[in-house]
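Beneath this line is the structure, given in structure tokens, with notes to follow.
Just follow the structure's listing: the first ligand is 1, and inside any ligand the first atom is 1. Quick note: residue numbers are just sequence positions, from 1. Computed from a predicted model, the values in this text were never measured in an experiment.
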Amino acid sequence: MTRDHKTFCGICEASCGLIATVEEDSVTALRPDPDHPSSRGFACIKGLSFHSVVADPDRVVQPMRKLSDGGFAPASWQEALDDIGTRLRDVQRRHGNESIGVAWGNPVAWNFSGSLAVSGLATALKTRHHYTSASVDVNNHWVAADMMYGATTVNLLPDFAHTHFALIVGANPVVSHGSLVTTGRIRDVLRDIPKRGGRVVVVDPRRTETARLFEHVAITPGADAWLLGAMLHVLFDEELVDLASLQQRCSGLDQLQDLARRFDVHEAAIHTGIEATAIMDLACALAAAPTATVYGRCGASLGRFSTLTKFLLDCLAIVTGNIDRRGGMVFPYPMIDMDGVADLLGLASRGSWRTRVDGVPEVNGTAPMACLPGEITTPGRGRLRALLTMSSNLVTSAPDSATVAAALDELDVMVALDPYITETTKHADWILPPALWLEREQIPIFTQNQATEPNAQWVAPVVAPRGQAREDWWIIDQIARRIGLVASAAPGAQVLAKLGVRPTPMTAMDLMLRIGRHGDRFGLRRRGLSRKKLLARQGAVTLAERCPVGVLADKVRTPDGRIRLGQSELIAEADRLIQETSPGEFPLRLFTIRELRSHNSWLHNVPRLMSGDRRCRAVVHPDTGAQAGIHHNDRISICSPWGRVVVPVELDDAVTPGSVGLTQGWGHAGTWATAVAAGGASYNMLTPSGAGDVDRPSGNAFFNGIPVSIGLAGPELEHVSVSRRDWVR
Ligand SMILES: Nc1nc2c(c(=O)[nH]1)N[C@H]1C(S)=C(S)[C@@H](COP(=O)(O)OP(=O)(O)OC[C@H]3O[C@@H](n4cnc5c(=O)[nH]c(N)nc54)[C@H](O)[C@@H]3O)O[C@H]1N2
Ligand SMILES: Nc1nc2c(c(=O)[nH]1)N[C@H]1C(S)=C(S)[C@@H](COP(=O)(O)OP(=O)(O)OC[C@H]3O[C@@H](n4cnc5c(=O)[nH]c(N)nc54)[C@H](O)[C@@H]3O)O[C@H]1N2
Ligand code: SF4
Ligand SMILES: [Mo]
């Protein structure tokens with residue numbers, strides 16, 4: 001018996017609609033859903049290959065206990081949960097809940113039940129050891145939003161479908177399929193802009209898959225604030241800003257002008273490698289466009305001044321009148337209002353406490369991944385002693401891989417929820433097998449909140465979990481029960497649990513849907529939505545043709561209702577940037593390359609995604625290669641102040657001279673055999689942990705613009721460690 005089952009992809013932010021073919025109890029094929037309102041028949045090879053992950057013979061499908069020789073052996077759930085409970089209670093008794101922490105990673109964004117449970121557990125523990133991949137990705141956005149609009153949850157979406165001018169800074173949507181915005185078929189939507197007479201300008205150190213299709217402006221990695229600050233300077237100087245109308249909507253205009261004046265265009269040209277006339281032309285073109293979007297992502301979020309950079313991006317949209325406007329930056333219209341959920345659960349905050357060792361301010365109740373190793377190794381009250389990781393490969397994805405790996409071994413207890421024994425989970429005392437997205441009930445919790453084609457979807461599991469795998473939320477609930485807590489951030493949850501009331505994440509989210517804008521209000525609105533109605537329906541429901549405009553007054557939550565453009569902390573950041581000197585022995589600048597058939601640090605165990613020439617590699621311009629005396633396909637060493645890796649190099653004039661591109665997420669260990677066999681080295685052997693080098697306002701990691709030097713790897717380097725810290729893979 002074969003049946004079709006509509007679902008959506010839980011790998012990347014495009015959240016494409018899919019149709020699964022199910023035979024008996026397995027998914028045998030996945031194909032794009034032509035009727036999905038956003039993806040409209042598109043899906044990429046990763047989503048279409050996911051049933052191979054579900055069926056992967058290397059997948060962990062039983063609880064695995066660490067043995068004294070470092071290997072793992074299967075055990076029953078009862079044994080696992082009881083042992084974990086005993087160990088955690090011991091840590092609780094000796095050091096308090098504050099010494100227990102959680103760290104969760106990217107796939108949680110498609111796991112609404114798991115995300116509620118894991119953040120609920122952190123809240124119930126009242127621990128400051130709450131680490132998430134947001135701090136290696138987007139925290140600069142949330143901090144800039146809080147500064148400007150009065151809430152960390154505000155996310156402005158580029159309305160690419162209606163714009164005349166798309167400025168794209170440090171994003172590669174043709175490969176990434178979009179981030180912090182969910183626009184189906186994003187490549188086609190972008191290609192339509194020049195077709196209707198508009199422009200797409202891509203600012204990137206590499207002529208990427210996106211830049212090749214449009215106009216490319218090559219920039220030195222890490223120099224974006226210089227470019228954007230100088231553009232703002234030009235706009236004010238050339239009187240291209242409507243000051244009177246800005247004054248009505250914004251406060252702190254004088255301070256913003258003061259900030260912009262600091263960025264001299266000719267200085268900016270030196271730092272960015274972009275000619276002064278080109279900077280001026282770009283600013284003028286942005287101002288002259290009938291409508292414009294100003295969009296930046298990882299390339300603009302993972303440098304040392306990323307909050308300043310995001311602030312400047314938004315300022316460019318604001319001063320050119322392109323906020324809350326069709327074809328400009330618009331506000332989302334979600335199925336479930338996550339701002340409301342975050343408010344209710346107390347999850348939207350900034351600076352209400354600081355990390356113990358480094359004193360970095362919290363963002364949305366979490367501490368930076370960059371601070372995690374120091375919190376394990378630094379003695380004192382509140383030291384992190386027990387860590388639960390959930391869908392996180394932090395040894396590879398967080399900064400300073402070698403230090404992270406060494407720190408994990410100092411924990412008293414580590415429990416990992418993950419489908420693989422990886423370079424991270426191999427450090428755990430227990431690895432617990434989670435159900436994957438085809439095996440659990442799903443809503444696109446995170447991406448529904450950023451969809452430019454607003455739609456609603458709630459899908460049942462396509463198949464039952466393999467082996468002994470259980471849903472992440474269930475595992476966390478079981479662990480929480482054994483340490484006397486309920487894994488929920490909801491007000492009164494701990495008290496209600498004592499009365500025997502423990503609502504599941506499904507019930508909690510259904511409640512938020514039903515009382516919300518699109519909800520059925522428990523029958524009061526006949527056409528309103530509920531979990532039951534959506535589950536009964538195959539596929540997604542359109543909520544609106546497009547995001548609304550004219551809603552700024554509702555969205556800005558500053559005390560006077562105006563956008564705050566005066567930010568003294570960011571003026572100080574600008575001064576720090578301007579005064580910065582570069583370390584002479586590391587003359588080149590490193591930046592990340594993300595690949596079509598990888599997803600961050602995983603999916604490297606799927607044979608179909610690993611066919612052909614798939615390898616970890618550096619890419620440099622032929623001139624940079626010639627200066628360093630290296631040739632195409634040589635093995636080179638890349639040195640930064642924090643580490644060293646040895647990788648093969650490609651010479652390619654797509655990369656701007658003076659910079660080094662390096663693929664991210666390679667260099668695996670553990671038992672995912674195909675991934676380990678692929679070799680390579682972790683990019684983050686080269687990046688710094690600790691508070692010294694993160695983006696100061698947000699704690700976001702520093703990955704792009706890392707100072708490096710390169711040279712031919714000597715034979716002696718090939719078999720010693722890949723880092724100066726002797727961490728052999
Ligand atoms: N140098 C450099 N480093 C970077 C970046 C960069 O640009 N440059 N990018 C950063 C960014 S943007 C991000 S988001 C992070 C991502 O880094 P992470 O947050 O570590 O995420 P992934 O690398 O995708 O690893 C996902 C892990 O989750 C497991 N997993 C998959 N599905 C499930 C599930 O349903 N349940 C459970 N429990 N586990 C699951 C996988 O087996 C894998 O171990 O990396 C960051 N690191
Ligand atoms: N195929 C695929 N898709 C993915 C992922 C994946 O690993 N593979 N990861 C997913 C995740 S977690 C995320 S967060 C998104 C990220 O989505 P994007 O941000 O769109 O993807 P990136 O490839 O990180 O794009 C960053 C771009 O910035 C450039 N860059 C690097 N440093 C600088 C700099 O200093 N300045 C400027 N201006 N540009 C710079 C890089 O060359 C790159 O082209 O992608 C998601 N989608
Ligand atoms: S683009 Fe992203 S969401 Fe769509 S199929 Fe590929 S991985 Fe899945
Ligand atoms: Mo990410």
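Contact annotation: for I219 versus ligand 2, heavy atoms closer than 4.0 Å belong to the side chain alone. Contacts between D137 and ligand 2, counted as non-hydrogen atom pairs separated by less than 4.0 Å, involve the side chain only. Counting heavy atoms under 4.0 Å from ligand 2, residue N172 touches it through both backbone and side chain.
Residues E13 and T447 have side chains that never bring a donor and an acceptor to within less than 3.5 angstrom of each other. For the residue pair S397/N600, the side-chain donor-acceptor check at 3.5 Å is not satisfied.
Considering backbone and side-chain N/O atoms, V175 comes within less than 3.5 Å of an N/O atom of ligand 2. Backbone and side-chain nitrogen or oxygen atoms of D204 are examined, and one is located within less than 3.5 angstrom of a nitrogen or oxygen of ligand 2. Backbone and side-chain nitrogen or oxygen atoms of Q664 are examined, and none is located within less than 3.5 angstrom of a nitrogen or oxygen of ligand 2. Residue C298 has at least one N or O atom closer than 3.5 Å to an N or O atom of ligand 2.
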Practice task
In sequence, state the C-alpha distance, the side-chain angles, and the governing distance for W672 and H604, and then conclude on ring pair (Phe, Tyr, Trp, His ring centres under 6.0 Å).
Solution key: CA-CA 8 Å; W672 40 359; H604 290 156; 7.7 Å; no
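Remark: D4 engages R31 in a salt bridge (charged side-chain N to carboxylate O under 4.0 Å, His left out) (not counting sequence neighbours). For F50, the ring pair (Phe, Tyr, Trp, His ring centres under 6.0 Å) partners at least two apart in sequence or on another chain are W437.
Using a 4.0 Å heavy-atom cutoff, G222 is listed among the residues neighbouring ligand 2. At least one heavy atom of S598 lies less than 4.0 angstrom from ligand 2. Note on ligand 2: K46 sits in its first shell, one or more heavy atoms being nearer than 4.0 Å. The closest approach between any non-hydrogen atom of P205 and ligand 2 is below 4.0 Å. Judged by the shortest distance from any of its heavy atoms, H599 lies inside the 4.0 Å radius around the atoms of ligand 2.
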Pair up each side-chain donor or acceptor in residues 214-222 with any protein partner under 3.5 Å, not counting sequence neighbours, and list the distances.
{"residue": "E215", "atom": "OE1", "partner": "R199", "partner atom": "NE", "Å": "3.2"}
{"residue": "E215", "atom": "OE1", "partner": "R199", "partner atom": "NH2", "Å": "2.7"}
{"residue": "E215", "atom": "OE2", "partner": "R199", "partner atom": "NE", "Å": "3.0"}
{"residue": "H216", "atom": "NE2", "partner": "D204", "partner atom": "O", "Å": "2.7"}
{"residue": "H216", "atom": "NE2", "partner": "R206", "partner atom": "O", "Å": "3.3"}
{"residue": "T220", "atom": "OG1", "partner": "T272", "partner atom": "O", "Å": "3.1"}

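Residue nearest to atom 1 (N) of ligand 2, selected from R597, R594, E595: E595 (by heavy-atom distance).
When hydrogens are left out, the protein atom nearest atom 36 (N) of ligand 2 is D224 OD2, 2.7 Å; that is the closest non-hydrogen contact. Of the protein's heavy atoms, S176 OG, 3.5 Å lies nearest to atom 18 (P) of ligand 2.
Separation of the F42 and H36 ring centroids does not fall under the 6.0 Å cut-off.
With a cut-off of 2.8 Å, the protein N/O/S atoms near atom 2 (Fe) of ligand 3 add up to 1.
In this structure, the side chains of V694 and F702 stay at 4.5 Å or more apart for every pair of heavy atoms. Within the 4.5 Å cutoff, the side chain of M335 has heavy atoms near those of the I443 side chain.
In summary, R615 and E650 engage in a salt bridge, as defined by a charged side-chain N under 4.0 Å from a carboxylate O.
Of the possible donor and acceptor atoms, one in the side chain of R614 sits under 3.5 Å from a partner among the backbone N and O of L609.
Tested against T389 for a side chain to side chain contact (heavy atoms under 4.5 Å, CB included), the candidates L417, L394, V395 yield a single pass: L394.
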